[in-house]
Amino acid sequence: MTHHSLLLILSQCVIDGRHVESEQTVRTLLGEGASPMSVLDDGLLPGMAVVGQRFRDGEMFLPQVLVSARAMKTAMAVLEPLLAASNVEPKGTVLIGTVKGDVHDIGKNLVSVMLQGNGYRVVDIGTQNPVEKYLAAYEQHRPDVVGLSALLTTTMMYMPTVIAGFRSRGIPVPVIVGGAPVTQRFAGEIGADGYAKNAVDAVDLVNRLLKRT
Ligand code: B1M
């Protein structure tokens with residue numbers, strides 16, 4: 001079978017929520033020489049995009065989205081070590097987490113993996129983080145950049161609270177934001193130090209903020 005047909009099968013596995021087959025298909029593709037990035041970009045992400053559209057249009061419901069997310073995560077677990085493989089000294093530390101009230105973590109995890117793959121140490125504090133959690137993790141790990149993720153138009157409104165938490169304590173760490181509903185304009189309005197549309201742009205952004213390449 002060609003890479004192209006395997007990638008189409010992989011997308012369909014995510015859409016249908018077939019996690020065992022999605023993992024197997026990823027392993028087959030890698031075994032046949034496909035790059036981890038193309039498995040992600042041309043197989044998993046297009047599948048997840050269809051899930052998002054169908055969910056929005058009322059053609060798919062929450063339980064189905066959950067099984068799709070599981071299929072995506074199972075496949076990502078195979079790809080993550082490959083995407084994150086990097087032997088260099090850390091270029092810096094990035095603290096990342098999804099904000100309070102929000103359980104979405106697939107995109108955040110992808111940003112973490114891409115940062116790791118590009119030489120950063122990542123402290124990932126998971127989902128549903130109130131400002132206190134970010135502050136406590138900052139004190140513990142002293143990151144060079146703090147990243148906030150939000151996937152809901154409601155939870156992104158919590159981002160300014162986290163930024164204010166750092167600013168009101170005089171902590172000068174750059175805070176960057178991202179997630180499907182977040183825009184450059186919103187980032188500017190809430191006083192974030194940067195916005196990235198996707199995981200690849202997030203790496204560029206952190207490189208620029210820390211003047212690393
Ligand atoms: Co939810 N959900 N969901 N969901 N879900 C969305 C976000 C939604 C757009 C679907 C839709 O209606 N079309 C919609 C939000 C509407 C809105 O607010 N505008 C929605 C909704 C409504 C909900 C619930 C409220 C549903 C309900 O209960 N009625 C509920 C909320 C739960 C909560 O958080 N409190 C809910 C629940 C869930 C599941 C649990 C079932 C599951 C999440 C599983 C998980 O993450 N562990 C889920 C999923 C899977 C989705 C969709 C279908 C896919 C999200 C995803 O993983 N995309 C999503 C529709 C969509 O976005 N197409 C949807 C793939 C991922 C790689 O992309 O997360 O965008 P993304 O990340 C990208 C960029 O955004 C960026 O880089 C990433 C990689 O390129 N990025 C950053 C992300 N974070 C970044 C941080 C950065 C920089 C870049 O710097 C720090």
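Atoms within a ligand are numbered from 1 in the order they appear, just like the ligands themselves. FYI, side chains are in, hydrogens and waters are out, and symmetry mates aren't considered; it's all heavy atoms of this structure.
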Taking only non-hydrogen atoms of Asn198 and a 4.0 Å limit, the atoms of ligand 1 in range are 76 (C), 77 (O), 80 (O)

>> If you scan the protein for heavy atoms around atom 59 (C) of ligand 1, do you find one that is closer than 4.0 Å?
In response: no

* Would you mind reporting whether Leu95 and Gln140 have side-chain heavy atoms less than 4.5 Å apart? => no

Ligand 1 to Lys73, heavy atom cutoff 4.0 Å, flagged ligand atoms 47 (N)

So for Leu110 against ligand 1, with non-hydrogen atoms under 4.0 Å, the contacting part is side chain

Heavy-atom gap Ala199 to ligand 1 smaller than 4.0 Å = yes

Residues 134-174 vs ring pair (Phe, Tyr, Trp, His ring centres under 6.0 Å), sequence neighbours excluded, gives Tyr138-Phe166

Checklist entry - Are any of the protein's heavy atoms under 4.0 angstrom from atom 8 (C) of ligand 1, yes or no? => result no

So, leaving waters aside, the tally of protein N/O/S atoms less than 2.8 Å from atom 1 (Co) of ligand 1 stands at 1

Between Glu59 and Arg56, does any side-chain N to carboxylate O distance fall below 4.0 Å?
no

In ligand 1, the atoms that come under 4.0 Å of a heavy atom of Ile106 are 45 (C), 46 (O), 57 (O)

In the complex you have, is atom 52 (C) of ligand 1 within reach of the protein, judged by whether a heavy-atom distance drops under 4.0 Å?
no

To the nearest 0.5 Å, atom CG of Leu10 lies from atom CD of Glu21 at 9.5 Å

Worksheet item: Would a 4.0 Å cut-off, counted as strictly less than, catch a protein heavy atom around atom 24 (C) of ligand 1?
Response: no

**Prompt:** Do any nitrogen or oxygen atoms of Ala49 lie less than 3.5 angstrom from nitrogen or oxygen atoms of ligand 1?
**Reply:** no

Short version for Thr154: what comes under 4.0 Å of ligand 1, heavy atoms counted, is neither

One finds that the ligand 1 atoms under 4.0 Å from a non-hydrogen atom of Ala196 are 88 (C), 89 (C)

Nearest heavy atom to atom 54 (C) of ligand 1, choosing from Lys108, Met48, Lys100, belongs to Met48

protein heavy-atom neighbour closest to atom 13 (N) of ligand 1 works out as Arg56 CB, 3.1 Å

For a quick test of your reading: what N or O donor-acceptor pairs under 3.5 Å do the side chains of residues 30-55 make, sequence neighbours left out?
unit_1 : atom_1 : unit_2 : atom_2 : d
Ser35  : OG     : Ser38  : N      : 3.1
Ser38  : OG     : Ser35  : O      : 3.2

Notebook entry, point to check: Going by distance only, is there an N or O of Val103 that falls short of 3.5 Å from an N or O of ligand 1?
Noted result: yes

Q) Is the shortest N/O to N/O distance between Ser149 and ligand 1 below 3.5 Å? A) yes

Counting from 1 in the order shown, the ligand 1 atoms closer than 4.0 Å to a non-hydrogen atom of Leu66 are 40 (C), 41 (C)

Of Gly47, Ala69, Ala180, Pro181, the one whose closest heavy atom lies nearest atom 44 (C) of ligand 1 is Ala69

Numbered in order shown, the ligand 1 atoms found under 4.0 Å of a heavy atom of Asp102 are 34 (O)

Notebook entry, point to check: At a 4.0 Å cut-off, with the gap strictly under it, does some heavy atom of Leu45 reach an atom of ligand 1?
Noted result: yes

So the atoms of ligand 1 within less than 4.0 Å of a heavy atom of Gly179 turn out to be 75 (O), 81 (N), 82 (C), 83 (C), 84 (N), 85 (C)

Short version for Gln53: what comes under 4.0 Å of ligand 1, heavy atoms counted, is neither

Nearest non-hydrogen contact to atom 73 (C) of ligand 1 from the set Ser112, Gly107, Gly194 belongs to Gly107

The answer for which part of Val111 has a heavy atom under 4.0 Å from ligand 1 is side chain

Q. Does Gln128 have a heavy atom less than 4.0 Å from any atom of ligand 1?
A. no

Here the atoms of ligand 1 under 4.0 Å from any heavy atom belonging to Gly147 are 91 (C)

Contacts satisfying ring pair (Phe, Tyr, Trp, His ring centres under 6.0 Å) that involve residues 168-187 (not counting sequence neighbours) are none

